[in-house]
Structure formats: C-alpha cells, structure tokens
Amino acid sequence: MTEAATTSATATAVLTARSATASATPLSDTHVPDTHPSEAHPAAIRVPETRVPDTAAFRAAMGRFPTGVTLLTQGSDETTSVITLNSLTSVSLDPLLILVSVKADGRMRPRVARSGSFAVNVLSRHQQDLAQEFCRPDRPAGPAAMARLRAARGVLGNAVVPAAEAYFECVLEAEYAAGDHTLLVGRVVALGAGDAGPDPLVFHQGGFTRLPLDTAASA
C-alpha cells in the first residue's frame with residue numbers, strides 16, 4: 001500500500017466514527033512515487049575489463065600501490081647480511097609488531113630464524129643507491145656491508161643505519177609460510193628516527209621516486 005492509500009483509509013475511518021449516519025467519501029488513492037525517476041533507475045556503472053591474474057598482471061596491478069623502501073639487516077660486523085625490501089607493514093600497537101616478507105628459499109629467512117632477531121631500516125631518497133646495491137645477488141656482506149651502510153651495531157646485535165629515515169630493531173615473534181615467501185613478524189624493542197624532516201624513498205610502478213615537496217611546510 002502506498003503512503004497516499006494509507007492516508008485515505010485513515011481519513012475515511014475518522015469521518016465514519018464522527019457520524020454513524022453520514023456517508024463518508026474516501027480520498028482518492030493517488031500514487032506518490034518514493035524517489036525521483038532518475039534515482040529509481042540509475043545509469044549502469046561501467047565495470048572495467050578484468051583479466052585472469054597471472055604474474056605479469058599481478059605485478060602491474062601491485063605496481064600502482066606506492067611503498068617505502070627498506071633494508072632488512074641481520075647480524076653485524078663479520079656476520080652482516082642485508083637485503084632490500086618494500087614489504088614493511090605495521091601490525092599492532094600493543095604489543096608493537098611489524099611484518100616483513102622474505103623469499104622462503106632465500107638466505108635471509110634461515111638467518112633470522114636461527115638468531116631470533118632482525119632490524120629494518122627505512123631509506124631516504126638520498127639512499128637510492130643503497131636500495132639498488134643491496135637487491136643484487138652479489139650484494140656486499142660482512143664488514144664491507146657495514147662500511148657501505150655506515151652502520152652501527154644495534155641493541156640486538158643487528159646492523160642499523162643511523163642516517164636512515166627510521167630503523168626498527170625486532171625480536172622475531174612469529175613466522176608464517178605464504179606461498180613462495182615467508183612472513184616475519186617482529187616485536188619492536190628499539191627504534192630510531194632521523195633528525196631532519198621526512199624525505200623517504202618511494203617505489204612506484206617499477207621505479208624509484210619521492211614524495212612531492214611540501215613547499216608550504218618548508219617555507
């Protein structure tokens with residue numbers, strides 16, 4: 001029943017109650033539309049063409065999601081091992097947890113598992129060369145890596161980069177198998193941040209870039 005029809009029935013009942021002998025005439029049953037015609041039949045929304053996901057399509061789609069760039073470090077001095085990652089995620093504030101993703105069959109995962117700790121260094125745009133250098137198979141290790149990074153030994157014995165945007169020293173809380181990668185969840189026990197204004201290195205669509213300069217903030 002429409003809203004107008006309901007009103008008509010109510011009016012008729014009232015008139016009948018006031019005069020038992022009077023003949024009440026019902027109000028006309030006029031339909032009142034609930035919505036504007038254009039709202040009742042919206043234009044069809046065009047759905048973009050979808051693709052069956054393969055490795056190339058997945059990489060291209062994920063490339064549209066900009067990320068920061070980090071160096072994951074384990075050990076220091078003679079045992080220093082470093083790899084470039086862009087898979088850093090904040091997980092929890094209580095306790096303080098972060099997550100990184102490493103290759104399941106790579107060199108870093110068993111090192112972290114054995115030691116039970118790691119560090120993550122967030123790179124600035126001025127450290128793009130480090131990001132490129134430590135993603136190669138022949139990347140520096142040991143004292144050469146410490147010297148190249150100008151690193152220091154952190155509280156857990158892993159290399160940290162004081163000149164980085166920020167660094168997080170973590171105890172390994174858990175690890176989870178995830179396809180061809182392993183997710184490492186770390187509990188943050190120490191951290192540091194640069195003194196200058198933030199200027200992080202950004203990875204987007206297969207290349208390095210930076211955040212646009214905030215001229216108002218720098219003025």
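What's counted below: heavy atoms across the whole structure, side chains too, no hydrogens, waters or symmetry copies.
- The OG atom of Ser115 sits 7.5 Å away from atom CG of Leu172, with the distance rounded to the nearest 0.5 Å.
- In the hydrophobic cluster analysis, where Ile, Leu, Val, Met, Phe, Trp and Tyr join through side-chain heavy atoms closer than 4.5 angstrom, Val102 is grouped together with Ile98.
- In this structure the side chain of Met146 reaches within 4.5 angstrom of the side chain of Ser76, judged on heavy atoms.
- Across all non-hydrogen atoms, the minimal contact from Cys170 to Leu156 is O-CD1, 3.3 Å.
- Among the candidates Asn121, Leu99, Leu72, Thr70, the single residue satisfying the side chain to side chain contact (heavy atoms under 4.5 Å, CB included) test with Leu88 is Thr70.
- To the nearest 0.5 Å, the span separating CG on Leu201 from NE2 on His126 amounts to 10.5 Å.
- Screening residues 76-105 for salt bridge (Lys or Arg N to Asp or Glu O under 4.0 Å), with sequence neighbours left out, gives no hits.
- Applying the side chain to side chain donor-acceptor pair (under 3.5 Å) test to Arg107 and every residue at least two apart in sequence or in another chain returns nothing.
- Between Leu123 and Leu71, the closest side-chain pair of non-hydrogen atoms falls below 4.5 Å.
- Considering all non-hydrogen atoms of both residues, Ala151 and Ala159 come closest at CB-CB, 4.0 Å.
- Atom CZ of Phe118 is separated from atom OG1 of Thr73 by 9.5 Å, given to the nearest 0.5 angstrom.
- Residues Leu149 and Val69 share a hydrophobic cluster, clusters being chains of Ile/Leu/Val/Met/Phe/Trp/Tyr side chains in contact below 4.5 Å.
- By the 4.5 Å heavy-atom criterion applied to side chains, Glu169 and Val160 are counted as neighbours.
- With respect to Glu133, the side-chain hydrogen bond (donor to acceptor under 3.5 Å, both in side chains) criterion is satisfied by exactly one of Gln128, Arg139, Arg148: Arg148.
- Residues Tyr167 and Val161 are not in side-chain contact: their nearest non-hydrogen atoms beyond the backbone lie 4.5 Å or more apart.
- What you find for Arg109 and Ala104 is that their closest heavy atoms are NE-O, 3.3 Å.
- Open room surrounds CZ on Arg59; 12 or fewer heavy atoms of other groups in view lie less than 6.0 Å from it.
- Here the side chains of Met108 and Ser81 are in contact, with some heavy-atom distance below 4.5 Å.
- A chain of hydrophobic side-chain contacts below 4.5 Å, direct or via other Ile, Leu, Val, Met, Phe, Trp or Tyr residues, connects Phe168 to Leu93.
- A pairwise comparison of heavy atoms in Ser101 and Leu85 identifies O-CD2, 3.5 Å as the closest pair.
- The minimum heavy-atom distance linking Gln127 with Val122 is given by the pair OE1-O, 4.4 Å.
- Rounding to the nearest 0.5 Å gives a distance of 8.0 Å between CZ of Arg153 and CG of Asn158.
- Here the closest heavy-atom approach between residue Gln74 and residue Val112 is recorded as CG-CG2, 3.9 Å.
- Note: Leu97 CG to Ser90 OG = 8.5 Å, rounded to the nearest 0.5 Å.
- Both Leu191 and Leu96 belong to a common hydrophobic cluster when Ile, Leu, Val, Met, Phe, Trp and Tyr are linked at side-chain heavy-atom distances under 4.5 angstrom.
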